[in-house]
J.: 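If you scroll down you'll find the structure; I have some questions about it.
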Amino acid sequence: MISIKHLRYFAALAQHRHFGRAADACAISQPALSLQIKDLEELLGAQLVERDRRQIRLTSLGETFAGRAQQILRSVDELADLARASNPSLGGRLRIGMIPTVAPYLLPAVIRRLTERFPSVDLRPREAVTGKLTEDLISGGLDIAVMALPASEPSLQDHPLFDEEFVLVRPLVDRHKPPPGIDSLREMRLLLLEEGHCFRDQALAFCNMAPGLSQDPMEGSSLATLVRMVGAGMGVTLIPEMAVAAETSAVEVSIARLAEPRPARRIGLVWRRTNPLARHFQEIGEIVREEHAILRRQDGAAHSSQPAQYA
């Protein structure tokens, strides 16, 4: 008989497309995982996986079976969540994701608050770009995610938390110049995050620029890298306001607010609409909102002590 264990192991293999990584994700040995997949194929009387020395591929049946297995596993997890939802306090495993332009600044404080508020929760934080978080939410690999809104999938519920402006980071020698307009900004070398980051797309959308239209575009893997590139005189960049204190304090750059209407984004909490823990998730959202407000107050105090760098 096909078991839930079979489905979980096969779903992990379908996700990772690698026996070693799938085994690690399931916390079992690679030979044990291989044996379980072979047992599943024997129960079905059909091949799910094409194997060779370098990689694996799912058969046509395997691809279809993987999708149905994920649906079944989501339903099983949500049955367990029904019991959790009836409790006054959240407990058990909580898989929470955050985008990379939020996680370094909010995640440590949010984890601390969640641990205090829900002492019986087993937190599993993850940082990933929006596309990966969305994929994991839909597949059941995540319970909730903090990301830029709106959520792109109708199966996901979003809960707005706060709006945040972008600020311009430019070399320190430019600190006395007026902030550039959009037309001038388009002519500058705008440093961008790599493909896949929603913040990159938001910055380009504000400038009304296609991905290939900035002057000699250069990319970085993090906001910290972009700010240091600006400090080296390689161009200018946009960063979210929450990142200013952490990323610019040790780099010789200047910060400027752009003219109205300023670029901004809305950050929110996202979960599957079918998840019965929405009441608890909204409480988690309030914790994230409160920690962002605390960070803003702290950053405001830091900015007032550095008037030469912040215009």
Side-chain angles (χ1 to χ4, degrees), residues 1-86 90-97 120-145 147 151-157 196 270-278 280-281:
M1 180 180 296
I2 297 173
S3 68
I4 294 297
K5 181 172 65 175
H6 283 123
L7 298 183
R8 291 200 185 279
Y9 290 162
F10 182 71
L13 183 62
Q15 177 183 357
H16 295 281
R17 306 294 169 120
H18 187 277
F19 274 98
R21 291 192 293 271
D24 289 342
C26 296
I28 63 173
S29 69
Q30 183 171 332
L33 177 68
S34 181
L35 186 62
Q36 289 292 327
I37 300 302
K38 184 177 180 181
D39 185 45
L40 175 60
E41 290 178 322
E42 290 177 353
L43 287 169
L44 292 170
Q47 187 176 358
L48 299 174
V49 180
E50 297 177 9
R51 303 164 176 84
D52 62 34
R53 293 183 179 180
R54 294 186 177 182
Q55 60 183 348
I56 68 149
R57 299 181 182 87
L58 300 187
T59 63
S60 177
L61 173 63
E63 293 285 0
T64 303
F65 191 88
R68 294 297 298 274
Q70 287 180 344
Q71 292 174 3
I72 293 169
L73 292 172
R74 282 199 303 271
S75 297
V76 169
D77 289 341
E78 286 167 2
L79 283 174
D81 288 339
L82 282 172
R84 297 170 67 195
S86 67
L90 184 63
R93 183 182 63 184
L94 178 66
R95 299 162 298 180
I96 178 171
S120 61
V121 162
D122 175 19
L123 282 173
R124 306 286 181 89
R126 185 183 311 166
E127 178 183 310
V129 297
T130 299
K132 179 59 177 172
L133 294 182
T134 300
E135 176 185 320
D136 288 346
L137 283 169
I138 293 171
S139 69
L142 279 177
D143 299 305
I144 55 176
M147 54 199 287
S152 59
E153 292 291 332
S155 62
L156 300 180
Q157 174 69 51
V270 181
W271 61 85
R272 291 184 305 281
R273 291 184 182 275
T274 54
N275 196 307
L277 295 171
H280 293 305
F281 293 163

J.: Considering only residues two or more places apart or on different chains, which pairs with a residue in residues 126-141 satisfy salt bridge (Lys or Arg N to Asp or Glu O under 4.0 Å)?
T.: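 The answer is R126-D136, K132-E135, K132-D136.
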J.: Does the side chain of N275 come within less than 4.5 Å of Q157's, by heavy atoms?
T.: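 The answer is no, as the side chains (C-beta and beyond) never meet within the 4.5 Å cut-off.
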J.: Within the distance-only criterion (no hydrogens, no angle test), does the side chain of R272 pair as donor or acceptor with the backbone N or O of L142 below 3.5 angstrom?
T.: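 A pair under 3.5 Å: yes.
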J.: Name all residues meeting the ring-ring contact (aromatic ring centres under 6.0 Å, His included) criterion together with F281; count only those two or more places apart in sequence or in a different chain, and write none if there are none.
T.: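 Once residues adjacent in sequence are excluded, the partners of F281 under the ring-ring contact (aromatic ring centres under 6.0 Å, His included) criterion are W271.
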J.: What pairs with Y9 under ring-ring contact (aromatic ring centres under 6.0 Å, His included), at least two apart in sequence or on another chain?
T.: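 In terms of ring-ring contact (aromatic ring centres under 6.0 Å, His included), with neighbours along the sequence ignored, Y9 is linked to no residue.
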J.: Which residue pairs pass the side chain to side chain donor-acceptor pair (under 3.5 Å) test when at least one of the two sits in residues 13-32, sequence neighbours left out?
T.: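 Every pair satisfying side chain to side chain donor-acceptor pair (under 3.5 Å) with a residue in residues 13-32: R17-E63.
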J.: Hey, mind stepping through I2 and L44 against side-chain contact (heavy atoms from CB on, under 4.5 Å) and telling me if it holds?
T.: CA-CA 8 Å; I2 297 173; L44 292 170; 3.5 Å; yes
J.: Please collect all ring pair (Phe, Tyr, Trp, His ring centres under 6.0 Å) contacts where either partner lies in residues 58-77, sequence neighbours excluded, each pair once.
T.: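 Residue pairs passing ring pair (Phe, Tyr, Trp, His ring centres under 6.0 Å), neighbours aside: F10-F65.
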J.: What pairs with T274 under side chain to side chain donor-acceptor pair (under 3.5 Å), at least two apart in sequence or on another chain?
T.: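 Once residues adjacent in sequence are excluded, the partners of T274 under the side chain to side chain donor-acceptor pair (under 3.5 Å) criterion are E78.
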J.: Can you name the side chain to side chain contact (heavy atoms under 4.5 Å, CB included) partners of R124, sequence neighbours left out?
T.: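 Once residues adjacent in sequence are excluded, the partners of R124 under the side chain to side chain contact (heavy atoms under 4.5 Å, CB included) criterion are R93, R95, D122.
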J.: Roughly how far apart are L94 CG and I144 CD1, rounded to 0.5 Å?
T.: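 Nearest 0.5 Å value for the CG-CD1 distance: 4.5 Å.
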J.: Does S155 have any side chain to side chain contact (heavy atoms under 4.5 Å, CB included) partners at least two apart in sequence or in another chain, and if so, which?
T.: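 S155: side chain to side chain contact (heavy atoms under 4.5 Å, CB included) contacts with I138, E153.
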J.: Might you point out which heavy atoms bring A145 and L137 nearest each other, and give the distance in Å?
T.: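 Where A145 meets L137 most closely, the heavy atoms are CB-CD1, 3.8 Å.
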J.: Indicate the atoms forming the closest heavy-atom contact of L33 with A23, along with that distance.
T.: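 Closest approach of L33 to A23: CD2-N, 3.5 Å.
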J.: Checking side-chain contact (heavy atoms from CB on, under 4.5 Å) between V49 and each of L13, L61, T59, which is the one that passes?
T.: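 When L13, L61, T59 are each tested with V49, the side-chain contact (heavy atoms from CB on, under 4.5 Å) holds only for L13.
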J.: Not counting sequence neighbours, which residues clear salt bridge (Lys or Arg N to Asp or Glu O under 4.0 Å) with R273? List them please.
T.: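 R273: no salt bridge (Lys or Arg N to Asp or Glu O under 4.0 Å) contacts found.
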J.: With rounding to the nearest 0.5 Å, note down the distance linking OG in S60 to CD in Q47.
T.: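 Between atom OG of S60 and atom CD of Q47 there are 12.0 Å.
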J.: Tell me, please, which residues at least two apart from S152 pass side chain to side chain donor-acceptor pair (under 3.5 Å).
T.: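 Per chain and number, S152 pairs via side chain to side chain donor-acceptor pair (under 3.5 Å) with no residue.
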J.: Looking at residues at least two apart in the chain, or sitting in another chain, which of them share a side chain to side chain donor-acceptor pair (under 3.5 Å) with E41?
T.: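 By the side chain to side chain donor-acceptor pair (under 3.5 Å) rule, E41 matches R51.
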J.: Could you pull out the closest heavy-atom pair between L156 and A151, with the gap in Å?
T.: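 For L156 versus A151, the nearest heavy atoms are CB-CB, 4.2 Å.
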J.: side-chain contact (heavy atoms from CB on, under 4.5 Å), that's the test. Do I4 and L73 meet it? Break it down for me.
T.: CA-CA 8 Å; I4 294 297; L73 292 172; 3.9 Å; yes
